[in-house]
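Reading through the structure tokens given below for one structure.
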Amino acid sequence: MPRIGDHLKSFRGLYTHHGIYIGSSRVIHYSGLSDGIQSGPIEQVSLKKFCAGNDYVVVPHYERKYQRAESVRRAESRLGEDAYSVTGNNCEHFVNWCIDGDHTSGQVDKGTAAASGTMSTAAGIGSRAAVASAGSVAGLSGSGVMSGLASLGGVVGGGAVAGLGVLGGSGGLAAASLINDTVLKDDENLDCDERESRSVGRKATYAGAAAGTAGSIAAVSAAGSVAGLSGAGITSGLAAIGGSVGGGMAAGVAVTTAAPVAAAAAVGYGLYKAVKWFKG
């Protein structure tokens, strides 16, 4: 049997469910989605119900901030709370808060990293398609890419350079909005330090998107054999960047427009984690 105050993890196939053992074969957990698609509150259940027919393991906490009895008291203090969020306030967040005072979830960290890569790839693919269809010269030949970029840039009163900015900036802003509405969303049920850390992270996602867009344009200017952002400079720069991944100008468009998406996630979530670490 586990010890009072142990962090229990039960396997559910694609994810894991977490709870804190309080003795007498009882567990306090954020029921969340553990029993299906309907979210539930923090509650006390039997160990058997917590496991739901699955195995469990004890997650070690080698340097606990709170002793076992205090961890249980912290868990009991939140009984009945019904503000579950898969990305922002889940069962793993809850148990780590009880034991270490740290509102963290390894599942969310890994999921955010994976989602960032997926969003970046999707942004690159979408940008290629947009460029191929936007200009007076269709397709992804050199002239097709430049025509598409110029057409997209024309939407904001610019040329091909502005087109790169439109593609990168729109993807970066979309990624920032998604992250801010999920893993960094404000929640009045959280403690002050967590809410402040998330606030910093939300601002940083937009800063990351802007910096990633500016950095991508600068990279195009500097990467090719023809420096600068003239037509020849953009053509040369995109080809050089695309060549680094085994492609041409179209691949260069995908890489440069995916970068702001990755930057929004990395800067925003990274700064959020850094602020949490300093506050801890």
Side-chain angles (χ1 to χ4, degrees), residues 7 9 15-20 28-34 39-42 59 61 64-66 71 74-75 77-120 122-123 169-213 259-280:
H7 177 171
K9 177 171 70 174
Y15 68 98
T16 55
H17 185 56
H18 300 253
I20 184 166
I28 294 179
H29 71 150
Y30 219 136
S31 56
L33 306 179
S34 62
S39 175
I42 295 175
V59 178
H61 288 254
R64 304 174 65 107
K65 181 175 182 178
Y66 298 104
S71 294
R74 285 171 67 82
S77 74
R78 290 178 60 181
L79 281 169
E81 178 185 303
D82 193 4
Y84 182 86
S85 165
V86 171
T87 56
N89 193 28
N90 66 30
C91 57
E92 189 177 12
H93 286 120
F94 166 67
V95 178
N96 284 328
W97 177 86
C98 292
I99 296 173
D100 296 323
D102 193 7
H103 190 89
T104 59
S105 170
Q107 294 181 98
V108 171
D109 289 347
K110 293 176 182 177
T112 301
S116 174
T118 300
M119 286 188 295
S120 296
S170 59
L173 289 175
S177 296
L178 179 61
I179 292 167
N180 290 350
D181 287 341
T182 53
V183 294
L184 297 181
K185 185 177 182 179
D186 190 26
D187 185 342
E188 63 182 12
N189 292 287
L190 303 176
D191 62 41
C192 184
D193 284 350
E194 176 67 22
R195 295 184 71 186
E196 289 178 358
S197 299
R198 291 190 182 195
S199 177
V200 171
R202 289 194 297 273
K203 295 179 177 70
T205 58
Y206 293 115
T213 301
V261 174
V267 174
Y269 198 65
L271 192 55
Y272 155 70
K273 297 292 284 187
V275 172
K276 279 171 58 73
W277 184 82
F278 280 114
K279 285 181 175 292

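Computed from a predicted model, the values in this text were never measured in an experiment. Just so you know, these numbers use all the heavy atoms, side chains as well, and skip hydrogens, waters and symmetry mates. Each residue takes its place number in the sequence, starting with 1.
Contact record, Ala262 with Ser116: CA-OG, 3.9 Å, taken as the closest heavy-atom pair. Nearest heavy-atom pair across Gly201 and Asn180 is O-OD1, 4.4 Å. Between Arg202 and Leu184, the shortest heavy-atom distance links the atoms NH1-O, 2.7 Å. The two atoms that bring Ile20 and Val95 nearest to each other are N-CG2, 4.0 Å, heavy atoms only. Listed here is the closest heavy atom pair of Ser31 and Gly40: OG-C, 2.9 Å. The shortest non-hydrogen separation linking Ala263 to Gly208 is CB-O, 3.3 Å.
With sequence neighbours left out, the side-chain hydrogen bond (donor to acceptor under 3.5 Å, both in side chains) criterion links Ser120 to no other residue. Take Thr182 and apply the side chain to side chain contact (heavy atoms under 4.5 Å, CB included) test, not counting sequence neighbours, and it matches Thr87, Leu178. In this structure Glu194 satisfies the salt bridge (charged side-chain N to carboxylate O under 4.0 Å, His left out) test together with Arg198, Lys276, sequence neighbours excluded. Partners of Arg78 under the salt bridge (charged side-chain N to carboxylate O under 4.0 Å, His left out) rule, at least two apart in sequence or in another chain, are Glu81. Partners of Arg74 by side-chain hydrogen bond (donor to acceptor under 3.5 Å, both in side chains), not counting sequence neighbours, listed by chain and number: Tyr66. The salt bridge (charged side-chain N to carboxylate O under 4.0 Å, His left out) search around Lys273 returns Asp109, not counting sequence neighbours. When the side chain to side chain contact (heavy atoms under 4.5 Å, CB included) test is applied to Thr16, the partners found at least two apart in sequence or on another chain are Lys9, Phe11, His18, Gln107. Residues forming a side chain to side chain contact (heavy atoms under 4.5 Å, CB included) with Ala204 (at least two apart in sequence, or on another chain): Val267, Leu271. Contacts of Asp181 classified as salt bridge (charged side-chain N to carboxylate O under 4.0 Å, His left out), with partners at least two apart in sequence or in another chain: none. Judged as a side chain to side chain contact (heavy atoms under 4.5 Å, CB included), and not counting sequence neighbours, the contacts of Ala175 are Met119, Val261, Ala264. By the side-chain hydrogen bond (donor to acceptor under 3.5 Å, both in side chains) test, Asp191 pairs with no residue at all, sequence neighbours left out. A search for side-chain hydrogen bond (donor to acceptor under 3.5 Å, both in side chains) contacts involving Lys203 returns Ser199, not counting sequence neighbours.
Note: His7 NE2 to Ile99 CD1 = 6.0 Å, rounded to the nearest 0.5 Å. Here the straight-line distance linking atom OH of Tyr272 with atom CD1 of Ile179 works out to 12.5 Å at 0.5 Å rounding. Between the CD1 atom in Ile42 and the NE2 atom in His29 there is a gap of 9.5 Å [rounded to 0.5 Å].
Under the 3.5 Å distance criterion, the side-chain polar atoms of Asn96 are left unmatched by any main-chain donor or acceptor of Asp102. A side-chain donor-acceptor contact under 3.5 Å links Ser177 to the backbone of Leu173. Here the side chain of His103 pairs no donor or acceptor atom with the backbone of Arg195 at under 3.5 angstrom.
The aromatic rings of Tyr84 and Tyr30 sit perpendicular, their planes meeting at an angle over 60°, well past the 30° parallel limit. Note on ring orientation: taking the six-membered ring where Trp is involved, the planes of Trp97 and Phe94 are parallel (angle under 30°, cut-offs 30° and 60°).
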Step by step, work out the side-chain contact (heavy atoms from CB on, under 4.5 Å) result for Arg64 and Ser71.
CA-CA 9 Å; Arg64 304 174 65 107; Ser71 294; 2.9 Å; yes
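A heavy-atom distance below 4.5 Å is found between the side chains of Cys91 and His17.
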